[in-house]
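What follows is a short report on a single structure.
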There are 2 protein chains.
Amino acid sequence: MAKERVTVVDIARAAGVSKSTVSLVLQASPLVNESTRAKVNAVIRELGYVYNRSAANLRQARSKIIGIVVNDLTNSFFAELAVGVDEVVQAAGFVQFLANTSEKLDRQREVIASMREHGVSGLIISPARGTEAADLAPLVAAGIPVVLVVRDIPGAGVSSLTSDNHAGAVAAVRHLVERGHRRVAFLGGFADTAVFEARMRGYGDALGEAGLVVSDDLIIGSAPSRAGGVTAIEQAMMLRERPTAALCFNDAVAFGVCDGLRARRLEPGEDFAVIGFDDVIEAKTAVPALTTVSVDPQGMGERAAELLLKQINSGRVEPEAIVSPVRLAIRQSCGAAVGRRVKEISS
Amino acid sequence: MAKERVTVVDIARAAGVSKSTVSLVLQASPLVNESTRAKVNAVIRELGYVYNRSAANLRQARSKIIGIVVNDLTNSFFAELAVGVDEVVQAAGFVQFLANTSEKLDRQREVIASMREHGVSGLIISPARGTEAADLAPLVAAGIPVVLVVRDIPGAGVSSLTSDNHAGAVAAVRHLVERGHRRVAFLGGFADTAVFEARMRGYGDALGEAGLVVSDDLIIGSAPSRAGGVTAIEQAMMLRERPTAALCFNDAVAFGVCDGLRARRLEPGEDFAVIGFDDVIEAKTAVPALTTVSVDPQGMGERAAELLLKQINSGRVEPEAIVSPVRLAIRQSCGAAVGRRVKEISS
DNA sequence: TGACGAAATTGGAACGTTCCAACTATTAAG
DNA sequence: CTTAATAGTTGGAACGTTCCAATTTCGTCA
């Protein structure tokens, strides 16, 4: 069944008008008379016509597709970001190509090339580690709007939307210090990323302003995952002078830190204060609820999409670097003023 | 810059061959001479040519795009499923359209329509709740291969890939019973889904074969989320005769149950046995590591993609309903043989 | 040397849409 | 009653590729 494709000329013939008129109807043009529009629409429904976007894309340049490439979909931060993007992109009548690079540069190169071939009218990219400005050059040369999210790439000449990592870290550490902590660790994350650098700098600055020295022992990198958090806290607890609190690179690490604490019979939030970063949805409902620097990934996805759409519609526009403010969501996991509760069972 | 698009005829002219030859080179046809192939490829690189898939799609029917629609990307089970799909689909030279429906039927209708317009050559769908066979009818009428994942829709006449929910539940409950539990609850999930029905039936059957009665009190539905798990276990703990173990609808619920348990100062795995369903990546690293029915979401995505690709390549093929086996991954969260450890601090 | 088959190459007609300029009806103004 | 303006409608030429049938080039064998 459905051997032959139904095309505009088929409905034109059936409706007794020209294909041009049908095309006008499809584009909801105000030029066509109300009654003919109704008739054409009726025939469209009747014959089960489906619009062929490949043909349309061929004729006109613009394409109603936007691409989104993320470095790790498995991380719920990025999954939420993607649904944020999808939300606004869909509402604008676009459709999203989503690709996952798993932090692999060659994979990223492939998917970007593939998206270009499909004529995406814009790209939202959370770049894989090690992405350079040169990787994006062909895109900007071709005049394709690009919005970088989460990780900025200096000198790429495209818009970016990042969160205020430095301010967030400062706020978190300040809070910890106010609650009496003197030995605060910075746990998790890969040291060679800009995000890590900014958060760690905020951590150091806040410590400094409180007159505390920052000790390299207390900065422990790891994979930015739950498993990484477990190993980081283990390492931290091997220190002679153990920390009593930690700012974690992200929420996944923070959850891992909580796990590791429990494995040592320490209750996060009571025996040790932990603060995360990102505020993924589970942060609110976890036990103890995670105190974290709220970045609102879904909202970030939405804003990135809006920014991209704006650039797409208004032709070419100046690249802008937006850093969105963050706020500290204070919940239970940082509840420990030092010594508030003396743990009976030691070790 | 890059005012004019570079097309096949441009490279044909520059390479001193015809556009047909260029097209042949692009398709890696064995028909063309090795030396001309090299020359053409050189020119392609030199001029920065990018292939126009819209034009190609227009000419030929097939499109190198597959669509994947999931009901909740925010749930890491589906995120992992999506990366599994992406993996094999990308390796096969396809690209994926991913859309999130948030369980909304009209959203689903829209995205499926949009994907058809883009000429996807196949669809992997994890249908929103309430999806009916009629919703998929236009797709099968148009001869577009569809693979349903996770949730099957009876009578839709398309292939499906589900996990053996019944057997998994049976294995889990059997394990609990062997460890001495008599009052086992079934927590979380919406009662009106086929997946819920299958898992609950397995739960009931296993109880029955052990000579235990199934009590409606112990079957407590909730949203299939972490928050839902918290409320479900709270409700369970209000019962006069409390359960000592629970099979949860999925891992998210199981994590919520653990949270709720801790909020009552009960340690999951010691004071109460909990088993999840799905085996998301965090299950392994959580503390306590979650005993769960392993479904391998990523592998499932891969198999779904392979199945779809097979159908796409081999023209039309009989719809097949595959139910993939599951295994019980025994970890710590079910560690409690009843009474094995007497909790000192009661309440 | 000529003929033949195989290997390469090629021009032109699609594919289904949009855009443009031109056209026809209809209405309003003089 | 003519003219001008306005509202709708229309045919045909693109867009960049693939496919087909036809053609050229080449090596081989009688």
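What's counted below: heavy atoms across the whole structure, side chains too, no hydrogens, waters or symmetry copies. Everything numeric in this text was worked out from a predicted model, so none of it was measured. Below, chain A is the first sequence line, B the second, and so on; all start at residue 1.
A salt bridge links B:E34 with B:R37: the closest approach of a Lys/Arg side-chain nitrogen to an acidic carboxylate oxygen falls below 4.0 angstrom. Comment: B:K310 engages B:E320 in a salt bridge, judged by a side-chain N to carboxylate O separation of less than 4.0 angstrom. In this structure, B:D10 pairs ionically with B:R13, as a charged nitrogen and a carboxylate oxygen lie closer than 4.0 Å.
Using a 4.5 Å heavy-atom cutoff, the side chains of B:M115 and B:I112 are not in contact. Two residues are said to be in side-chain contact when any heavy atoms from C-beta on lie closer than 4.5 Å; B:V150 and B:F78 meet this criterion. Taking 4.5 Å as the limit, some side-chain heavy atom of B:P138 sits within range of a side-chain heavy atom of B:R116.
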Contact letters for nucleotides 5-10 of chain D, in which S counts primed atoms plus P, OP1 and OP2 and B counts the base, heavy atoms under 4.0 Å:
---SSB

Could you go through B:S126 and B:N71, starting from their C-alpha distance and side-chain angles, then the distance that decides it, and tell me whether this counts as side-chain hydrogen bond (donor to acceptor under 3.5 Å, both in side chains)?
CA-CA 6 Å; B:S126 165; B:N71 51 294; 2.5 Å; yes

Please lay out, stage by stage, how A:S18 and A:T21 fare under the test side-chain hydrogen bond (donor to acceptor under 3.5 Å, both in side chains).
CA-CA 5 Å; A:S18 78; A:T21 304; 3.3 Å; yes

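Looking at residues 46-54 of chain B, you'll see B:Y49, B:Y51, B:N52 sit with a heavy atom under 4.0 Å from some atom of DNA chain D.
At a threshold of 4.0 angstrom between heavy atoms, the contacts of A:T7 are confined to the sugar-phosphate backbone, with no base atom among them.
Scanning DNA chain C 5' to 3' for nucleotides with an atom closer than 4.0 angstrom to a non-hydrogen atom of chain B gives a first and last hit of C:dA8 to C:dG16.
When all heavy atoms of B:A15 and B:V43 are compared, the closest pair comes out as CB-CG2, 3.8 Å.
Applying the side chain to side chain contact (heavy atoms under 4.5 Å, CB included) test to A:E87 and every residue at least two apart in sequence or in another chain returns A:Q298, B:R107. Listed by chain and number, the residues in a ring pair (Phe, Tyr, Trp, His ring centres under 6.0 Å) with B:F97 are A:F97, B:H118 (sequence neighbours excluded).
Side-chain atoms of A:S121 do not come within 3.5 Å of backbone N or O of A:I66 as any donor-acceptor pair.
Axis deviation across the helix from C:dT1-D:dA30 to C:dG30-D:dC1 amounts to 50°, comparing end segments of five pairs, rounded to 10 degrees.
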